[in-house]
Each structure stands twice: as structure tokens, then as C-alpha cells.
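All residue numbers in this chain count up from 1 along the given sequence.
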Amino acid sequence: MRQTYARFGAFRLAFLVTLGLLVVQYVLGMISNLEVQFPGGNAWGWVWSHSLIIQLHIYIGTLLLVVALVALVLSSVARNIVGSIAAAAGLALIILAWLSGAAFLASQQNTLSLWMALGFMGALVAYILGYSLSRSLDRKL
């Protein structure tokens with residue numbers, strides 16, 4: 001019984017870390033949206049020498065991929081169906097946002113920025129629901 005609670009606690013902690021990183025990612029994204037002027041064309045090379053904010057945004061986004069994968073593994077180990085579904089959806093949406101961001105740097109198409117934002121919002125909702133619903137189910141056990 002104690003091991004089960006430890007497993008639930010571990011994946012819920014991973015969800016909270018993911019939510020915290022998503023908030024930091026949002027703030028960095030908003031700062032970059034308001035403050036950074038990209039040159040025309042492919043901005044990948046420019047980013048690494050001119051924009052610390054975008055670099056941090058890329059690093060946190062990549063860290064989010066890793067933490068989201070850990071959250072999925074931990075929720076699966078805990079055999080929490082709600083957590084596993086939320087973690088899988090959250091990971092898929094973070095991947096969508098990450099790929100959209102990578103494509104945005106290459107082309108600066110506004111649609112890709114929208115997809116990045118939608119991926120972020122969907123992941124945020126998935127992790128909030130997964131944390132809340134798994135917590136309420138945990139109390140019933």
C-alpha cells in the first residue's frame with residue numbers, strides 16, 4: 001500500500017514540475033514575442049548568437065519533452081489510467097508545440113506560432129486535469 005502511494009506521489013510530482021516548466025516556458029515565449037525581432041529567412045543561426053531569451057525558450061522546451069516523458073513513465077508505473085492518459089496527451093501536445101517552434105524559427109510563419117500556443121494550452125490543460133483527477137481518485141482508494 002505504501003509503495004502505491006509513493007508511485008502516485010512520484011508521478012504527481014512530475015506533473016507539478018511539468019506545470020511549473022510550462023509556466024516558465026509561457027513567460028519566455030511572451031517575452032520573446034514582445035521583444036525579439038527575427039531577421040528574415042531561417043533564424044536558427046541568428047538565435048544562437050543574438051537571443052538569450054529564445055535560447056532559454058528552446059532549452060526549456062527541450063527539457064519539457066524529457067520531463068513529460070518521465071511523467072508518462074511514472075504514471076504508467078503507478079498504473080494510474082487517468083494520469084497515463086493525461087501524460088500521453090500532454091507529451092503529444094508538447095511535441096506539437098516543440099516541432100511548431102522549430103519550424104517557426106526556420107520560416108517565421110504566424111500559423112506555426114499559433115500551433116505552438118495551442119500545443120502549450122492543450123498540454124497545460126492535460127496536466128492540470130491529470131493532476132486534479134488523479135488526486136481525487138487517489139483519495140477514493
Heavy-atom side-chain proximity of [X] to [Y] below 4.5 angstrom:
{"X": "L72", "Y": "F11", "answer": "no"}
{"X": "L19", "Y": "V23", "answer": "no"}
{"X": "Y127", "Y": "I94", "answer": "yes"}
{"X": "L99", "Y": "W115", "answer": "no"}
{"X": "L64", "Y": "W98", "answer": "no"}
{"X": "M116", "Y": "Q25", "answer": "no"}

Least distance between heavy atoms, [X] atom then [Y] atom:
{"X": "W44", "Y": "A102", "answer": "NE1-O, 3.2 Å"}
{"X": "G122", "Y": "L93", "answer": "C-CD1, 3.3 Å"}
{"X": "A126", "Y": "A86", "answer": "O-CB, 3.4 Å"}
{"X": "I54", "Y": "S32", "answer": "CD1-CB, 3.2 Å"}

What do you reckon, is CG of L16 surrounded by more than 12 foreign heavy atoms closer than 6.0 Å? yes
Count the heavy atoms of every other residue, nucleotide or ligand shown that sit under 6.0 Å from OH of Y26, and state whether that count exceeds 12. no
Between the main-chain N or O of [Y] and the side-chain N or O of [X], is there a donor-acceptor pair closer than 3.5 Å?
{"X": "Q109", "Y": "F104", "result": "no"}
{"X": "Q55", "Y": "W48", "result": "yes"}
{"X": "S132", "Y": "L129", "result": "no"}

Any luck finding a side-chain donor-acceptor pair between W46 and S51 under 3.5 Å? no
At what distance, to the nearest 0.5 angstrom, does OG1 of T18 lie from OH of Y131? 12.0 Å
